[in-house]
Amino acid sequence: FRGENGSDAGGVFREGMSRVLEDLYSPETLNLLIPCPNAQHGLPTNTDKFLPNPQLATCPLALEMFEFVGKLMGMSLRANLCLPFHFPSLIWKRLLGHEVLR
């Protein structure tokens with residue numbers, strides 16, 4: 001957005017945050033989140049959902065980035081941005097402390 005004019009009534013900020021999320025889901029930019037197995041295997045549901053990359057579970061930098069994603073989620077809720085966090089119900093249930101059934 002460098003060099004662009006804009007008066008922020010929420011739109012410029014929301015657009016900037018949406019771009020941050022686009023990068024979050026881009027395998028060329030980050031490998032923090034990966035497509036869920038349904039997307040990898042062409043199954044009909046949850047093909048647009050992403051899971052944390054299990055290969056990064058012990059990487060300190062990745063853990064800091066996951067914490068930042070959590071802060072983005074909180075900021076999205078607090079500012080009523082309705083940003084698209086593309087996680088399957090498995091992730092949302094775990095975040096809310098609900099039982100995850102197979």
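In what follows, every heavy atom counts, from backbone to side chain, and hydrogens, waters and symmetry copies are set aside.
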So, for [X] and [Y], which heavy atoms are closest and what is the spacing to 0.1 Å?
{"X": "Leu63", "Y": "Ala57", "answer": "CD2-O, 3.6 Å"}
{"X": "Pro52", "Y": "Ile34", "answer": "O-CG1, 4.4 Å"}
{"X": "Leu81", "Y": "Arg14", "answer": "O-NH1, 2.8 Å"}
{"X": "Ser76", "Y": "Cys82", "answer": "OG-N, 3.7 Å"}

To the nearest 0.5 Å, what is the distance between [atom1] on [X] and [atom2] on [Y]?
{"X": "Asp23", "Y": "Ser18", "atom1": "CG", "atom2": "OG", "result": "11.5 Å"}
{"X": "Cys59", "Y": "Asn31", "atom1": "SG", "atom2": "CG", "result": "11.0 Å"}
{"X": "Leu72", "Y": "Leu24", "atom1": "CG", "atom2": "CG", "result": "7.5 Å"}
{"X": "Leu33", "Y": "Asn53", "atom1": "CG", "atom2": "CG", "result": "8.5 Å"}
{"X": "Leu51", "Y": "Leu32", "atom1": "CG", "atom2": "CG", "result": "11.5 Å"}

> If we ignore angles and hydrogens, is there a donor and acceptor under 3.5 Å between the side chains of Thr45 and Asn38?
Replying inline: yes
> Taking only residues two or more places apart in sequence or in another chain, which ones pass side-chain contact (heavy atoms from CB on, under 4.5 Å) with Leu77?
Replying inline: none
>> According to salt bridge (Lys or Arg N to Asp or Glu O under 4.0 Å), who are the partners of Glu99, at least two apart in sequence or on a separate chain?
In response: none
> Excluding sequence neighbours, so at least two apart, what forms ring-ring contact (aromatic ring centres under 6.0 Å, His included) with Phe85?
Replying inline: none
>> With salt bridge (charged side-chain N to carboxylate O under 4.0 Å, His left out) as the rule and sequence neighbours excluded, what pairs involving residues 64-85 come up?
In response: Glu67-Lys71
> Among pairs that include at least one residue of residues 34-50, which meet salt bridge (charged side-chain N to carboxylate O under 4.0 Å, His left out), considering only residues two or more places apart or in two chains?
Replying inline: none
>> Quick check: is Leu83 connected to Trp92 through a chain of hydrophobic side chains (ILVMFWY, heavy atoms under 4.5 Å apart)?
In response: yes
> Quick one: which of Leu95, Leu96, Leu101 gives a side chain to side chain contact (heavy atoms under 4.5 Å, CB included) with His98?
Replying inline: Leu96
> What pairs of residues pass the ring pair (Phe, Tyr, Trp, His ring centres under 6.0 Å) test when at least one of them lies in residues 24-58, not counting sequence neighbours?
Replying inline: Tyr25-Phe50, Tyr25-His86
> More than 12 non-hydrogen atoms from neighbouring residues, nucleotides or ligands closer than 6.0 Å to CD on Gln55, yes or no?
Replying inline: no
